[in-house]
Amino acid sequence: MSNTSRKRGTPRILVTEVQVPHVARMTDPTEQAAESIYTNSISRAQIKGGSPTPLSTSRTTDHFQSTHFKRSREAPSSWNPAFVDFLERLCSPHPFGVESLGIWHDEVEQLAVPELLTREQWQEAEGFVGYLGEQLAANNPLTGNLNWAMFHFVAGMRALKTVDFLTEVDLALRNLLVILHVALCGILAFENSRVARILADRPIPSGAVDLIEDKVRSIEGGEVRAHAFQQTRADTSAQRQQLLQCVVLGISRLDVRRSTVTHGFYQQLVLVLISVMAPQVRGTMAEAHLSVLAGDLVENIGPSRAFNAASSQAEEIVHALLLNAIDVHSQPAMSQGLMQSAYAFLFTRHSGAHIRRFEQNSLLLLLLLVSQPETQFSNPYLAALANLRDVPEGAPFVDTRVPFRKLFGRLVRETNAIEWSTLLHILLTRNEAFCTYVLARTDTDTLVEPLLKYVGLATALPLPASSTSAVAQTKPSPGSKLAAIVPESEARAKETTSSSSENSVGARLWQSALLPYALSLDTVPYIHLYLWMDTILVLSSDTQFVEQLQRTLVEFWPATPQPMHKQPLSLCIAAEMMRVFQLNIMLLRDSYIHDLSLGILVNILNSSTLISTAISQKLLKLFEMILKRYSKLIGSPHPSASEQAELSVYSNTLSAFLSLFYRLSYSNNPHFIYCLLQSRQVLSTFRHSASDSVMARASQTAAALRVRIAYFHARVAVLANPQEQDILQMVGSVIASEPRTSSCRVDFTSSLADPSRWSAFMLQLTWELTLTSPLTIVYETNSRLLKDFAHI
């Protein structure tokens, strides 16, 4: 894209002399031990209504172990000695003066820097990186060496931007990015005020400006570089903000297919931004803690239109990250010669891991950006994702639109993966255009059937005999609170506290995508269930979509107790949700699964006609089961607090069922009305508490429903020796002759649509995935944010 003209302000870099210290400023690298966390591990999430309730998920991770953080001058053995020596000089009390101008291109270009370090390699280098951070904190305010590094990197990125990123990324710029990444990781461990002092703008020594320009012009492409240098000097924004702008610009504009160098450079830029966001996990959700750089990224960089007047930087990076995540890129072939090509051919078996890392890091960075909480400032990245629009597949990308067809296809293929399920949920709940596109598709089964199958596999109980007996021993009493229960989960969590990292929340989130699941309470993927079922709930809230589901026939569905053959997909969903609803009441006892299964069931049946006899009988049995539990609790003279909470859950459930029954009695559902006539005695025993306003309204619905049943019963009474077919025919004729009435209707919508609840869930979920993904580099020893994951 071409440059956009904008007014240049007064240069921020001052030309003054720098005071060089005679004695090195060395501070004792003292660091308190990270506090021990996760002493009380948890086993699964629990959400009650709109108020936070404890989430129980077993969490024990090796990279979260509480250890004393020790700074060390000893660099990793795998790092090149010349690279280590350069890092130590950069952080030393000796400035890179005017006589050393050649180092930023000539010397840096010759360095053998480590490329795309793994998490284990970063952990090995932790002590040395911390030592470098201490040295920078002590010396950079006087030397400005880190500021020089940022200045030359920004100038190099502006030079690439000047030619629309059509040239190759030179090795000096790539190596300089790795150097900056290491330096930033060292200083981001400090508090914000200290980081701000380290990264504060520094003056350029007197006489250096002209010498630098002369040196730059002597390099290949010197005129472009000199122009970029002048632009960097004229930019009045803070130097750290210029750095972030260029990182975002590189991610947005680089063509990752160009070469292996560009491909690796893009991945390094992505990892830099993930590292910049990483200090957030040290704060609580209430603090909404962001580092200085991350705050700039959300508040200043995202809304900025510094490089394109037509779109903001948030829109450009969201567009690029999404495209790079959904496009399956192979790593570009090496073009250095015959031997290198043969080497690449022999080792193509490793390309799958490179592709997965490339895609997953792009997707995780996208999720981190869009899930940032909105406090004083709105999230520009979430707004950019919400405003994405469709573009025909194959059309040139001249703006920030994406091909919804390709995006939908990738989401369907990756439905079982937790990170893609998260993205699908965000798009459906936040992007109206994409949600409309999905609802308007005629092949609804391509998305709904996989979601439904995964829900069935994840809840494919009953358990084995050993697990069932264990559950029976710890089964809560009848008066326990449905919305915040599971003492057995807490017991299991304590037993797994000392287990390996394979049992951590995040590790199990990744592993849960591998089917089939181990059928036990400890391995039920609750977070997956929340996302899958909430996605179905969002789709089921559209009446026309449900009608499309009803027209879609499924050849076979393994429903219980009897399989379903050639039945509408809508009834398959209803059968599955009734099974999950009953399973949750009897065993799982999770309030969010309760609300989701009930909401999907009501939404689906509200718009359904010709409901089968099997579905109708199962629905009435569920109502009778809840009514018996409610009647038993309401008969208690002095209910406890937990019993009162359980009564509240049951009363809301009964109210939803009665409203659904009333609507079905006025729609074309003769089989349901016939079953209701057979079970009319259940409604006659309906009792409620006078102080319960929900049940008071429900009793009015029950009274109206009894009148409706009495009407049909009177019509049946006049039939001579009526058979089932006669009654069904009579009911059908009555329904057909009645005018359509606006009977009461209960529609359920996603409770995660609320911004505060959405951020609380998504931010912590995304960080849990980022910290436990085997393909990312970020790790944290003091994660207070994820400790709050127990209170989503």
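Counting all heavy atoms, side chain and backbone alike, Pro303 lies closest to Val298 at CD-O, 3.7 Å. Nearest heavy-atom pair, Ser362 versus Asn324, reported as atom, atom and distance to 0.1 Å: OG-CB, 4.1 Å. A pairwise comparison of heavy atoms in Glu109 and Leu171 identifies CG-CB, 4.0 Å as the closest pair. For Cys91 against Asn139, the heavy-atom pair with the smallest separation is O-ND2, 2.9 Å. Between Val108 and Leu176, the shortest heavy-atom contact is CG1-N, 3.9 Å.
How far CG of Asn361 is from CG of Leu273: 11.5 Å, rounded to the nearest 0.5 Å. One distance of note links CG of Leu269 with CE of Met157; it measures 5.5 Å at 0.5 Å rounding. Atom CD1 of Ile418 is separated from atom CG of Leu765 by 5.5 Å, given to the nearest 0.5 angstrom. Atom CD1 of Ile317 is separated from atom CG of Leu297 by 7.0 Å, given to the nearest 0.5 angstrom. In this structure, CG in Asp235 is found 4.0 Å from CD in Gln242, a value given to the nearest 0.5 Å. Here the straight-line distance linking atom CG of Leu365 with atom OG1 of Thr776 works out to 11.5 Å at 0.5 Å rounding.
Not counting sequence neighbours, the partners of Phe86 by the ring pair (Phe, Tyr, Trp, His ring centres under 6.0 Å) test are Phe96. Residues passing the ring pair (Phe, Tyr, Trp, His ring centres under 6.0 Å) test with Phe153: none are found, sequence neighbours excluded. Scanning for side chain to side chain donor-acceptor pair (under 3.5 Å) contacts around Ser92 gives an empty result, with sequence neighbours left out. Scored by the side chain to side chain donor-acceptor pair (under 3.5 Å) test, Asn175 finds no partners at all (sequence neighbours excluded). Residues meeting the side chain to side chain donor-acceptor pair (under 3.5 Å) test with Ser252, sequence neighbours left out: none. By the side-chain contact (heavy atoms from CB on, under 4.5 Å) test, Ala112 is found to be paired with Asn80, residues two or more places apart in sequence or in another chain being considered.
Tyr381 is not listed as a side-chain neighbour of Leu366, based on a closest heavy-atom distance of 4.5 Å or more. Ile777 places a side-chain heavy atom less than 4.5 Å from the side chain of Ser275. You'll find the side chain of Leu166 reaches within 4.5 Å of the side chain of Arg258, heavy atoms only. Residues Val276 and Val247 have side chains not in contact (no heavy-atom distance under 4.5 Å, counting atoms from C-beta outward). For the pair Glu88 and Val84, the minimum side-chain heavy-atom distance is below 4.5 Å. Leu184 is listed as a side-chain neighbour of Leu243, based on a closest heavy-atom distance under 4.5 Å. Contact annotation: the side chain of Val195 never approaches that of Arg240 to less than 4.5 Å [non-hydrogen atoms, C-beta and beyond]. Residues Leu244 and Asn300 have side chains not in contact (no heavy-atom distance under 4.5 Å, counting atoms from C-beta outward).
No donor-acceptor contact under 3.5 angstrom links the side chains of Asp201 and Asn147, judged on distance only. For the residue pair Glu315/His319, the side-chain donor-acceptor check at 3.5 Å is not satisfied. The closest side-chain donor-acceptor pair between Glu168 and Ser259 falls under 3.5 angstrom.
Judged by distance alone, with hydrogens and angles left aside, the side-chain atoms of Asn140 form a donor-acceptor pair with the main-chain N or O of Asn145 at under 3.5 Å. Between the side chain of Thr232 and the backbone N or O of Ala228, at least one donor-acceptor pair lies under 3.5 Å.
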Take Met277 and Gln372 through the test side chain to side chain contact (heavy atoms under 4.5 Å, CB included) and record every step on the way to the result. CA-CA 10 Å; Met277 304 294 292; Gln372 292 303 310; 3.2 Å; yes
Decide side chain to side chain contact (heavy atoms under 4.5 Å, CB included) for Leu180 and Leu146; before the verdict, give the C-alpha distance in whole Å, the side-chain angles of both, and the deciding distance to 0.1 Å. CA-CA 8 Å; Leu180 286 172; Leu146 181 59; 3.8 Å; yes
Tell me, with the steps shown, if Phe307 and Arg253 meet side chain to side chain contact (heavy atoms under 4.5 Å, CB included). CA-CA 11 Å; Phe307 299 109; Arg253 306 284 183 87; 4.0 Å; yes
Step by step, would you call Leu321 with Leu369 a side chain to side chain contact (heavy atoms under 4.5 Å, CB included)? CA-CA 11 Å; Leu321 290 173; Leu369 291 173; 4.1 Å; yes
Audit row: His227, Glu223, side-chain hydrogen bond (donor to acceptor under 3.5 Å, both in side chains) steps and yes/no: CA-CA 6 Å; His227 177 67; Glu223 291 300 325; over 6 Å; no
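Evaluated for a side-chain contact (heavy atoms from CB on, under 4.5 Å) with Leu160, the options Asp170, Thr167, Leu249 yield exactly one hit, Thr167.
Phe229 and Phe151 have perpendicular rings, their planes meeting at more than 60° on a 0 to 90° scale where under 30° would count as parallel. Between His181 and Trp122, the two ring planes are tilted [angle within 30° to 60°].
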